[in-house]
Amino acid sequence: MKQNLFSLWIAAGSLFLSSCGGPKDVDKIADAQACLDRATASEADECVSKVDGLESEGAYLIRCAGKFVKEGFNDPAKLTSVMSAIDSDTGTNGSTSLMAGLAFKAESSTSLNFDSANEAFNYCTTANSKGLITLSGFAKTSSYFAKISNDTDLSGAEIQALMAANANDPVAQEAVGTVVAAIYETNCTNDQSTMGAYCEQFESALENIPGGLENPTELGKQIMLCYSAPTTPGCSGF
């Protein structure tokens with residue numbers, strides 16, 4: 001299922017500076033945001049350092065966005081490349097192509113790339129940014145499979161194959177299930193559905209899982225089965 005990456009990015013970009021703390025905090029966050037707006041990938045960390053010591057949602061949103069700038073996702077050419085890969089597929093293939101396109105690659109190893117993606121996910125979650133929780137969650141997922149396969153350039157089809165091969169691995173289940181639970185809880189509950197078909201997919205996977213969102217290992221297992229074999233019972237909309 002295709003999602004408009006550009007619309008997600010734009011929706012995630014608002015910092016809501018009024019909730020960021022005192023005037024000095026707002027100034028630091030605004031300075032960091034302006035810095036990121038014009039930064040190259042190699043300059044992202046310097047921009048993020050402008051909010052060192054701040055613990056507001058706005059500061060964590062800077063840290064979250066900084067991770068994506070470091071990966072080059074502020075470059076329209078890179079975003080276009082990701083969208084082109086998604087446009088060539090639909091359904092499950094489109095979803096896993098999106099994950100593949102968001103994989104982190106800026107660090108020196110697949111293990112460090114996963115650590116960076118995990119940090120991004122934690123920052124975006126703390127910032128409570130729905131769009132960036134989704135993007136960072138998918139980035140964490142693909143970076144996890146890149147780590148366990150030691151392959152920095154996985155395709156969507158290869159991610160599907162790795163999901164099939166690791167569906168019974170508790171570590172993989174936890175990694176995937178935690179991400180899906182966070183995306184679902186922030187985007188698909190309380191009568192909100194900002195992720196369209198993703199909400200429908202994840203809800204179908206949750207229906208027969210004891211404990212639901214509180215059972216990320218079983219959720220992760222079901223999601224991996226659904227993405228690798230969409231006709232699996234309990235998989236709707238994949």
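What you see is a predicted model; the values in this text were computed from it and never measured.
There is a side-chain donor-acceptor pair under 3.5 Å between S42 and T40. For N215 and T217, the side-chain atoms include at least one donor-acceptor pair closer than 3.5 Å.
L61 and Y123 fall into different hydrophobic clusters, where Ile, Leu, Val, Met, Phe, Trp and Tyr are joined by side-chain heavy atoms under 4.5 Å apart, directly or via other members. No single ILVMFWY cluster, assembled from side-chain heavy atoms under 4.5 Å apart, contains both I62 and Y60. F73 and L135 fall within the same hydrophobic cluster, defined by Ile, Leu, Val, Met, Phe, Trp and Tyr side-chain heavy atoms under 4.5 Å apart, directly or through other members.
Panel note: side chain S142, backbone M99; a donor-acceptor pair is recorded below 3.5 Å. Remark: the backbone N or O of G220 is not paired with any side-chain donor or acceptor of Q173 at under 3.5 angstrom. Without hydrogens or angle criteria, N74 side chain to A39 main chain gives a donor-acceptor distance under 3.5 Å. E158 places a side-chain N or O within donor-acceptor distance of the main-chain N or O of S155, the cut-off being under 3.5 Å.
To the nearest 0.5 Å, the span separating CZ on F121 from OG1 on T178 amounts to 7.0 Å. Atoms CG and CD, on N122 and E119 in that order, are 8.0 Å from each other to the nearest 0.5 Å. To the nearest 0.5 angstrom, F138 atom CZ is 11.0 Å from I159 atom CD1. Taken to the nearest 0.5 Å, the NZ atom of K130 stands 10.0 Å off from the OG1 atom of T134. Rounding to the nearest 0.5 Å gives a distance of 10.0 Å between CD1 of I223 and OG1 of T141. Interatomic distance, K221 NZ to D169 CG, rounded to the nearest 0.5 Å: 11.5 Å.
The two residues A32 and V51 have their closest heavy-atom pair at CB-CG1, 3.8 Å. Closest approach of C235 to P230, counting heavy atoms only: CB-O, 3.4 Å. Closest non-hydrogen pair, A103 versus E71, comes out as O-OE1, 4.3 Å. Looking at every heavy atom in both residues, S116 comes nearest to K67 through OG-NZ, 3.2 Å. The minimum heavy-atom distance linking L225 with A167 is given by the pair CD2-CB, 3.9 Å. When every heavy atom of C124 is checked against every heavy atom of I133, the shortest pair comes out as O-CG1, 3.5 Å.
By the 4.5 Å heavy-atom criterion applied to side chains, Y198 and I183 are not counted as neighbours. Between Q33 and K50 there is no side-chain heavy-atom pair separated by less than 4.5 Å. For the pair S149/L154, a side-chain contact is recorded, criterion being any heavy-atom separation below 4.5 Å from C-beta on. For the pair C47 and V69, the minimum side-chain heavy-atom distance is 4.5 Å or more.
For CD of E55, the number of neighbouring non-hydrogen atoms (other residues, nucleotides, ligands) closer than 6.0 Å is greater than 12.
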- Query: Can you list the steps and then say if L98 with S95 is a side-chain contact (heavy atoms from CB on, under 4.5 Å)?
  - Reply: CA-CA 5 Å; L98 173 59; S95 296; 5.7 Å; no
- Task: Take D151 and T110, measure what side-chain contact (heavy atoms from CB on, under 4.5 Å) needs, and give me the verdict at the end.
- Result: CA-CA 7 Å; D151 187 342; T110 55; over 6 Å; no
- Item | Worked verdict on N113 versus K147 for side-chain contact (heavy atoms from CB on, under 4.5 Å) | CA-CA 8 Å; N113 284 326; K147 173 185 174 181; over 6 Å; no
- Verdict with reasoning, K105 to D153, per side-chain contact (heavy atoms from CB on, under 4.5 Å): CA-CA 9 Å; K105 302 178 181 180; D153 196 27; 3.3 Å; yes
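Using cut-offs of 30° and 60° on the angle between ring planes, the pair F68 and F104 is perpendicular. The aromatic rings of F238 and Y227 stand perpendicular to each other, their planes meeting at an angle above 60°, with 30° marking the opposite boundary.
Within the structure, ring pair (Phe, Tyr, Trp, His ring centres under 6.0 Å) pairs that include any residue of residues 143-168 comprise F114-Y144 (at least two apart or interchain).
With sequence neighbours left out, the side-chain hydrogen bond (donor to acceptor under 3.5 Å, both in side chains) criterion links N118 to K140.
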